[in-house]
J.: 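Structure provided below as structure tokens; questions to follow.
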Amino acid sequence: MLIFEKSREGRGCSILPPCDVEVYEAAPEFSRQKPLHLPQMAEVDIERHYTQLAAKAHGVNDGFYPLGSCTMKYNPRVNEQTASMSKFTHVHPLQPLDTLQGSLQVLQETEKALNAITGMSRFTFQPAAGAHGEFTGLLLIKAYHLANGDTQRTKIIVPDSAHGTNPASAVMAGMSVINTASDERGCVDVEKLRQICEGEEGKEIAGLMLTNPNTAGLFDPNILEITEIIHGCGGQVYYDGANLNAIMGVARPGDMGFDCVHLNLHKTFSTPHGGGGPGAGPVGCKEHLAKFLPGLVTEEKDGKLVFVKPEQSLGEMKNFYGNFLVVVKALTYIKMLGAEGIAAASENAVLNANYMMAKLRDKYDIAFDTKICMHEFVMDLSRLLKETGVSAMDIAKGLLDHGIHPPTMYFPLTVHEALMVEPTETESRETLDEAIQVLEGLYDLAFSDPEALHDAPHTTPVSRLDEVGAARHPVLRYAFE
Ligand SMILES: *Cc1c(COP(=O)(O)O)cnc(C)c1O
């Protein structure tokens, strides 16, 4: 039931002090003709309404959330404490810089930390999310080629295992996409890449977009050769940093030969995501791209921090400095962990994924059957579907009845009945053991009672939803009578 349907004329909970200034009536052309349509409710009913809604949703604070590629780690409370300090929440982006030195310091220190983690030279915090960061990074690459007079470099290579946002961002940036097939290990096919780059098309290549480890959770062993091939034909290499949780503090995209990266602060750096944000997808680049960065960057001048516009800035990607409070949360996380803690977080993320994969391998088939994975792994349920009629979707829905959020389904596209599991480092061994037990139980159930899984979930507020219908015919407005 919507809050508007619970509303009753005349109820409310605002207790305002009597007005002690002269009442000024606005000119009729500026005043509202009808009263503002707001729900009218007592505080207790509002409180219950939202508490009930919250109980219907599943978040990281409710239970295990192994949504591959999304890094649904626990977000420590202390991040929220710093981000809600009034010195950060009550600042205005247009107030004099003298009074904003602390906020500038947050941007500068976060930038330094991210440079150290990624091997980049400069960052912009304007992009609001990962996909927005990809778009920004591609515009940087485009600006670089145009500044070099390379107007013909309009093609970007994207492997078929890439996140869907990669090709979409490339098209938005006005580039055309060359989709390359992965090899049988799910990694970049180096020979195919070489053929493209050393052939006729080489001089039209703007660059390559890659995430490493890739979406199958595998670290590409040929990464140095790959970035060298792209540079060899004059292209730039873009790092989709959404999977940084596997390697932060251990390996750096900059050292692998990448020229620019985006990071998902709302994945790797423990700021909340889901439910529409806000997120932050800062973009870092090496020195040769820095002069094209959007917005303003911080510099030190006469012992003070100031904002400067990069020389050939590509413009604005968002107003002011992006979602600043998300940056405050990320910096808190980085400072709480320190350099050693950052590396330990990644190591434990990888350990947790390998623990689950090793245990589940007895029953489930692992895609790209690999001995060791990085922060996530992909199960291939094609055989189970053939033998029992139970699909990856059915198993995912079955997990809901056990209070576990399903893994990412049907992604990467290169695996047909894919379930992509990313436990993250913040889960205890007990939680992992319980999830393993549930997944094993569902596997057995697929053989003994497949019907029970076809109509799972049974315990959630709603069962199977018409997802295609919702996507094709979305109802985005509520019709008030
Ligand atoms: C999440 C993700 C993105 C996009 O990030 P958003 O913040 O959702 O826009 C891009 N690439 C990969 C690999 C991702 O997992």
Side-chain angles (χ1 to χ4, degrees), residues 60 65-73 75 114 118 124-139 156 158-173 177 179 182 186-188 208-220 223 237-248 253 258 260-284 317-318 322-323 326-327 329-330 346 349 353 373-378 405-415 418-424:
V60 177
Y65 206 136
L67 190 64
S69 198
C70 291
T71 313
M72 301 300 292
K73 61 172 78 176
N75 308 305
L114 297 183
T118 58
T124 170
F125 291 99
Q126 271 197 345
H132 199 198
E134 292 167 20
F135 181 48
T136 307
L138 291 171
L139 291 182
I156 192 106
V158 181
D160 59 359
S161 63
H163 195 265
T165 50
N166 289 190
S169 303
V171 171
M172 274 186 71
V177 176
N179 206 288
S182 312
C187 294
V188 173
L208 165 78
M209 292 182 90
L210 200 65
T211 177
N212 189 34
N214 63 18
T215 43
L218 305 178
F219 191 92
D220 203 312
I223 190 60
V237 204
Y238 181 86
Y239 183 79
D240 176 340
N243 287 340
L244 194 80
N245 211 48
I247 58 164
M248 60 171 182
F258 287 93
C260 75
V261 312
H262 86 258
L263 302 177
N264 290 56
L265 297 189
H266 49 286
K267 290 180 180 170
T268 316
F269 294 95
S270 96
T271 81
H273 62 134
V283 167
M317 296 303 295
K318 197 181 183 306
N323 287 328
V326 178
V327 180
K329 292 180 200 184
S346 279
C373 64
M374 297 297 290
H375 62 308
E376 61 195 2
F377 61 94
V378 180
H405 192 285
T408 295
M409 299 182 289
Y410 300 99
F411 182 76
L413 302 175
T414 42
V415 179
L419 283 184
M420 182 177 182
V421 182
E422 180 181 5
T424 84

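Atoms within a ligand are numbered from 1 in the order they appear, just like the ligands themselves.
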J.: Quick one: closest heavy-atom pair of Gly217 and Pro213, and the distance?
T.: C-CB, 4.1 Å
J.: Which atoms of ligand 1 have any heavy atom of Ala242 under 4.0 Å away?
T.: 2 (C), 11 (N), 12 (C), 13 (C), 14 (C), 15 (O)
J.: Give a yes or no answer on whether the side chain of Asn214 reaches the backbone of Ser161 with a donor-acceptor pair at less than 3.5 Å.
T.: no
J.: Are Lys267 and ligand 1 in contact, using a heavy-atom cut-off of under 4.0 Å?
T.: yes
J.: Using a 4.0 Å cutoff against the non-hydrogen atoms of His266, which atoms of ligand 1 qualify?
T.: 7 (O)
J.: Between Thr211 and ligand 1, find which residue part has any heavy-atom pair under 4.0 Å and reply side chain, backbone, both or neither.
T.: neither
J.: Within a distance under 4.0 Å of any heavy atom of Ala129, pick out the atoms of ligand 1 and give their elements.
T.: 7 (O), 9 (O)
J.: Check whether any side-chain N or O of Asn166 sits under 3.5 Å from a backbone N or O of Ser169 as a donor-acceptor pair, and report yes or no.
T.: no
J.: Considering only non-hydrogen protein atoms, determine which one is nearest to atom 15 (O) of ligand 1 and report residue, atom name and distance to 0.1 Å.
T.: Ser69 OG, 2.5 Å
J.: Number the atoms of ligand 1 from 1 as they appear, then name those within less than 4.0 Å of a heavy atom of Ala131, with their elements.
T.: 4 (C), 5 (O), 6 (P), 9 (O)
J.: Between NZ of Lys73 and NE2 of His266, what distance do you get to the nearest 0.5 Å?
T.: 12.5 Å
J.: Go through ligand 1 atom by atom and flag the ones less than 4.0 Å from a non-hydrogen atom of Gly130.
T.: 5 (O), 6 (P), 7 (O), 9 (O)
J.: For Asn264, is the nearest heavy atom under 4.0 Å from an atom of ligand 1?
T.: yes
J.: Can you measure from CD (Glu422) to CZ (Phe377) and round to the nearest 0.5 angstrom?
T.: 10.5 Å
J.: Is there a side-chain contact (heavy atoms from CB on, under 4.5 Å) between Ser270 and Asn75? Walk through the geometry before answering.
T.: CA-CA 5 Å; Ser270 96; Asn75 308 305; 3.9 Å; yes
J.: Between the main-chain N or O of Ser69 and the side-chain N or O of Lys267, is there a donor-acceptor pair closer than 3.5 Å?
T.: yes
J.: Would you verify that at least one protein heavy atom lies under 4.0 Å from atom 8 (O) of ligand 1, or report that none does?
T.: no
J.: Can you give me the closest heavy-atom contact between Ala128 and Lys318, atom names plus distance?
T.: CB-CE, 3.7 Å
J.: Just need the protein heavy atom nearest to atom 11 (N) of ligand 1, so name the residue and atom and give the distance.
T.: Asp240 OD2, 2.6 Å
J.: Below 4.0 angstrom from a heavy atom of Glu134, which ligand 1 atoms are there? Numbered from 1 as shown, please.
T.: 10 (C), 11 (N)
